[in-house]
Amino acid sequence: MDHAKQLRQTLATAIAAGLALHVGCDNPPPSHTPAGESGAAPNDAGLAQATAASSATAPPVTATAPIASASAATVPSAVPAASSSVAGTPTPAPPRVKPDWCKATVAYCMPPRTRPPQFGKMMPPPPGERDPNTYDKRGCVALDAIPTSCSGMELMSGPTVKGGKCCYEVCQGQVPPCGRPFVVDGIARVAPFVSRTDWRTPGASADDRTMDAALRARLYDAWLADAAMEHASVASFGRFALELLAVGAPAELVADAHRAALDEVAHARLCYAQAARYGVHGGAVGPAALDLGGMSLRTDLGAVVEAAVHEGCVGETFAAIAAAHALHDCEDEATREVLTRIAGDETEHAALAWRFVSWAASSGGSAVRAQVARAFDEALAPRMDVPAPINPDAPAWRRAGRLDAATLANLARTVREDVVRPCAATLV
């Protein structure tokens, strides 16, 4: 059985379980059911029949590999330094195609000679780390040398210099599917990294000093970016647990949200340990303080559902498939163990999101069901995918348990059409 079909069946079970949470509750939260609404939904037998039909008619998945890591395979790697070399003042690159999820753009400015936005909040490399970028005479990095990343920083145009800083036009809105991000005002935040060892899993495997230095550096960057995303997911699940309480969700969902946050702590530690294997300063790397400024809690059921559709039903579903896919070609045993753990956990996290949305749609009345449908329509809208940069190290990259940007882009389309769409059709 291919992994997309396997995941569809897992999520179909989660959808039915979410419905059962409502059906089995004698007193569903009345505040979420508009006057005159019964909040009625199909019974379990009908939903199971619809689920079976959806799985049977879904188009075949194009990926043939097994399932791999959530965030551990979701952040495109840094572009090689040569691609950002610019002599003198560069001719600005043509603006990029605005993605469908981009609801607004803002100016994003950073001091000269600062790493581009792949790690969320910017900071220089730690002492002893090489900076993979080269800069023009203004200290700016060329637009085409900055990859799209799961931190949600999608750059549209630039750089221009304003107030002595390098400024880019950045999309704000729902971030691409990359696992569960910690989103504030439409931008996914991560903590900067600092020298520390307490966020590294003890007993990590020794690194391979025979590996090509350039490949080691790229793997270090990629695992460090993954670690930052996994660390931020702890905050995302913490907020989700509070929001579940605010909307009167069943105890089972609240408990699972807290368990998922603990999973993300483990994932972050595993990824920081992976980065340490390829770093040059003894592996003393971990997260600094995570900026929680401006974070707000959603207390309206519809708003919580909308976020869960994008961050869980889409983001974490993609993460589970991407992790499994990375596992397929991985030849490094230590990395295989990391990907196996993350892949299994992310499948459970995706199922949690689908259970919650199913419960909310069945208990919240027609207004919430309409919001669920709109959220899926937005998540599944045709996308103007920007061609992914070619990774010349792709074969070695896959053997090390990583997915190149082109593979990730193809997987994103597969997950949208072969997993999320049929499951969404069942739910709404």
Side-chain angles (χ1 to χ4, degrees), residues 69-78 108-111 114-129 131-132 146-154 170 172 175-176 178-201 204 219-242 260-279 281-297 311 315-316 319 338 342 345-346 349:
S69 145
S71 335
T74 56
V75 181
S77 62
Y108 189 90
C109 300
M110 49 190 174
T114 300
R115 296 184 80 155
Q118 180 161 354
F119 297 101
K121 263 183 119 46
M122 298 303 98
M123 65 178 295
E129 283 297 319
D131 187 338
I146 302 177
T148 299
S149 97
C150 286
S151 64
M153 302 297 291
E154 178 92 19
V170 179
Q172 264 191 317
V175 298
C178 297
R180 176 177 284 273
F182 174 57
V183 180
V184 179
D185 294 332
I187 294 293
R189 290 186 186 175
V190 297
F193 50 91
V194 294
S195 293
R196 61 189 298 180
T197 59
D198 58 314
W199 272 86
R200 180 184 65 185
T201 301
L219 288 169
Y220 171 74
D221 279 353
W223 282 108
L224 189 57
D226 287 352
M229 286 295 295
E230 299 283 8
H231 174 263
S233 290
V234 180
S236 183
F237 271 114
R239 178 170 61 185
F240 182 49
L242 292 174
L262 291 176
D263 289 340
E264 299 295 359
V265 172
H267 296 178
R269 299 187 73 187
L270 288 167
C271 291
Y272 280 117
Q274 283 288 102
R277 295 177 62 198
Y278 304 108
H281 53 84
V285 62
L290 177 63
D291 180 10
L292 301 181
M295 182 194 77
S296 60
L297 291 178
E311 297 170 8
E316 289 182 293
V338 172
I342 294 176
D345 288 346
E346 293 300 338
H349 299 174

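Just so you know, these numbers use all the heavy atoms, side chains as well, and skip hydrogens, waters and symmetry mates.
- Checked by atom type and distance alone, the side chain of R180 never pairs as donor or acceptor with a backbone atom of F237 at under 3.5 Å.
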* Intermediate values then yes/no, side chain to side chain contact (heavy atoms under 4.5 Å, CB included), V190 and M229 -> CA-CA 6 Å; V190 297; M229 286 295 295; 3.7 Å; yes
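- The shortest distance between side-chain heavy atoms of R196 and P287 falls below 4.5 Å.
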* **Intermediate values then yes/no, side chain to side chain contact (heavy atoms under 4.5 Å, CB included), W199 and V265** => CA-CA 9 Å; W199 272 86; V265 172; 4.1 Å; yes
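- Of all heavy-atom pairs between A191 and A288, the closest is CB-O, 3.4 Å.
- Across every non-hydrogen atom of A235 and L290, the tightest pair is CB-CD2, 3.6 Å.
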* To do: Please report the C-alpha distance between H349 and E264 in whole Å, then the side-chain angles of each, then the deciding distance to 0.1 Å, and finally whether the side chain to side chain contact (heavy atoms under 4.5 Å, CB included) criterion is met.
  => CA-CA 10 Å; H349 299 174; E264 299 295 359; 3.3 Å; yes
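- Side-chain contact between E311 and S236 is present, with at least one heavy-atom pair separated by less than 4.5 Å.
- Among residues two or more places apart in sequence or in another chain, the side chain to side chain contact (heavy atoms under 4.5 Å, CB included) test is passed with L262 by none.
- In this structure, the separation between CG on D226 and NE2 on H267 is 11.5 Å, given to the nearest 0.5 Å.
- Scanning all heavy atoms of the two residues, the minimum distance from D291 to F182 falls at O-CE2, 3.9 Å.
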* Show the numbers, then the answer: is there a side chain to side chain contact (heavy atoms under 4.5 Å, CB included) between I342 and E230? => CA-CA 10 Å; I342 294 176; E230 299 283 8; 4.0 Å; yes
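- A pairwise comparison of heavy atoms in Y272 and G286 identifies CE2-CA, 3.7 Å as the closest pair.
- Within the 4.5 Å cutoff, the side chain of W223 has no heavy atoms near those of the R277 side chain.
- At distances below 3.5 Å, not a single donor-acceptor pair connects side-chain atoms of R239 with backbone N or O atoms of L297.
- Nearest heavy-atom pair across R200 and A276 is CD-CB, 3.9 Å.
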